[in-house]
Amino acid sequence: MALRCNCQRCSIRGLMGPAVLITIGVLFLVQQSHWAYHFGRTWPVILLVVGVVKLAEALASDAGHGMQNMPPQAPGVGPQQGQGPGQIPPPPPPPLS
């Protein structure tokens, strides 16, 4: 079972393909409507759409990146390898005297 991150940054990153496809479809539609706009001159529009999506991705929060779909842990069990960036296991308990 593949786990997918649900943070804002990853969600916006997933919009790149659909945004470019929709843009290309709209540009073909505009060309078919016999306006004075040819598909060969569309590369600036495509670059603008890609730039807007990348800017939104860069400005989006990455809070909880990769942590939404992690399986629950038993209490007192430290994080395992690969469970998230920057997590350190809890310190060991003090020795009994």
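What you see is a predicted model; the values in this text were computed from it and never measured.
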[X], [Y]: one ILVMFWY side-chain cluster at the under-4.5 Å cut-off?
X: Leu48; Y: Leu27; value: no
X: Val26; Y: Leu15; value: no
X: Val50; Y: Ile24; value: yes
X: Ile46; Y: Val53; value: yes
X: Val49; Y: Val30; value: no

**Request:** Identify the two heavy atoms, one from Thr23 and one from Val45, that lie closest to each other, and give their separation to 0.1 Å.
**Result:** CG2-CG1, 3.9 Å

**Item:** Met16 side chain near Lys54 side chain, heavy-atom distance below 4.5 Å
**Value:**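 The answer is yes; the side chains approach within 4.5 Å.
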
